[in-house]
Visitor: 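First, the structure itself, so that you have it in front of you.
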Amino acid sequence: MGRLSHVLFVVACVVGLCGCAAKPVTPVQMSQPGDEQLSCTELDQQIQVNEAAAKDFIKKDKQVANGNAAKTVMSATPFIGILSAMAIDLSNVEQIKARAILDRNERLTYLKKKEGCSQ
Amino acid sequence: MKMNSKIQSVVTGCKLVVAAALIVGLAGCASSADPAAMVVAAPAATAKPFPAALQHAMCVRNVTGGEKTNPMWASKVDNEGFKAALSSSLDASGLSAAPACAFPIDANLLGLSQPSFGFDITVTAHVNYKVYQPSGDPLLLATIDSPYLAKMSEAFVGVERLKKANEGSIRTSILMFLDKLRDTTPAAVVAAPAAAPAAAPTPTPATK
């Protein structure tokens, strides 16, 4: 028990000193080079792919939020609580990606309208 | 034997000090980002000027994606605070034209990437800025990622340091947005419009 608490203490100190860096995220750009040259078919295809990807990210985002809630409750546990707190994910990767994709689709929909594509 | 006991006491003392520092770093109530701390000051005289058509012709129409801060959780940036900071930054740069404007801005805060905790905290703000021309066509659609590192020297208490990092990342984001505005070529406004357009060409979606 004594040895375990020593290990946990060292882990806590190292994490405290280094910090739990957020997961890096690069959201999709709203406007991209070559957008104006996309055909109606290509625009439709991109919109559909994006819709599916956004749904997936929204689902994963909810899972992360539920996981964080559970970890927050666990963090109140003596000794191992600190490890649970360290595992909380505040990087918002899924939310950022989902919202970026939805904005990208807004742009593609605007281009579709501008090109006079059928709905 | 006596020496071992002394070493043990020193180790225990060190543990208590580090544990106290960690607790202090983690403790405290979170508060929302301060709008005044996110404002970008007036640009230097030597800075590249904004296009003439944009001067005194812009306003912030919609800000979405922000989150209210739960005091028992991490500091966040809310829509009102972000909108106030963006509007004040436009004022400082001589771009504001309230209440009516020719070039409305919609900003969507995609999210803040925050660490769980740490001594030096880096927060990255991800924001989509949409600027529209008087015709309704987009003038600028920019996705801006802006990291900011808040060091231990900025704030000792962890929640306060996270708040500083949030504010710094939004301030950096607005600064980068203003830089992008300088490179735009807006159509000249023929006559002053009666009011800002009521809505974007398509609604801004939100996942939460």
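Protein chains get the first letters and strands the later ones, always in sequence-line order, with residue 1 at the start of each.
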Visitor: Check whether any side-chain N or O of A:Asn92 sits under 3.5 Å from a backbone N or O of B:Leu112 as a donor-acceptor pair, and report yes or no.
Guide: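 Yes; judged by distance alone, with no hydrogens or angles, the pair exists.
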Visitor: Do B:Leu110 and A:Gln95 touch side chain to side chain, with heavy atoms closer than 4.5 Å?
Guide: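 Not in contact.
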Visitor: For the residue pair A:Glu106 and B:Lys130, establish whether any side-chain heavy-atom pair is separated by less than 4.5 Å.
Guide: yes
Visitor: Show the nearest heavy-atom pair for residues A:Leu90 and B:Pro115, with the distance to one decimal.
Guide: CD1-O, 3.7 Å
Visitor: Write out, in numerical order, the residues from residues 50-57 of chain A with a heavy atom short of 4.5 Å from a heavy atom in chain B.
Guide: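 Listed by number: none.
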Visitor: Is B:Leu109 close to chain A through its backbone or its side chain, or both, or neither, when contacts mean heavy atoms under 4.5 Å?
Guide: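 Interface part for B:Leu109: backbone (N, CA, C, O).
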Visitor: Let me know if A:Val93 has heavy atoms under 4.5 Å from chain B in its side chain, its backbone, both or neither.
Guide: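 When you check distances to chain B, no heavy atom of A:Val93 falls under 4.5 Å.
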Visitor: Got a sec, which residues hit salt bridge (charged side-chain N to carboxylate O under 4.0 Å, His left out) with B:Asp91, two or more places apart in sequence or on another chain?
Guide: none
Visitor: Salt bridge or not for B:Asp137 and A:Lys114, using N-O below 4.0 Å?
Guide: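 Salt bridge between B:Asp137 and A:Lys114, a charged N being under 4.0 Å from a carboxylate O: no.
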Visitor: Which heavy atom of A:Ser91 sits nearest to which heavy atom of B:Ser113, and what is that distance?
Guide: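 That would be O-OG, 3.0 Å.
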Visitor: Can you name the residues that form a side-chain contact (heavy atoms from CB on, under 4.5 Å) with B:Leu175, not counting sequence neighbours?
Guide: B:Val40
Visitor: Ignoring hydrogens, what is the shortest heavy-atom contact between A:Arg107 and B:Pro138? Give both atom names and the distance.
Guide: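 It is NH1-CG, 4.0 Å.
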Visitor: With rounding to the nearest 0.5 angstrom, report the CG to CG distance, A:Leu102 to B:Asn108.
Guide: 9.0 Å
Visitor: Could you tell me which portion of B:Asn128 (side chain, backbone, both or neither) has an atom closer than 4.5 angstrom to a non-hydrogen atom of chain A?
Guide: both
Visitor: Sub-4.5 Å heavy-atom contacts with chain B: which residues of residues 29-38 of chain A show up?
Guide: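 Contacts with chain B: A:Gln29, A:Met30, A:Ser31.
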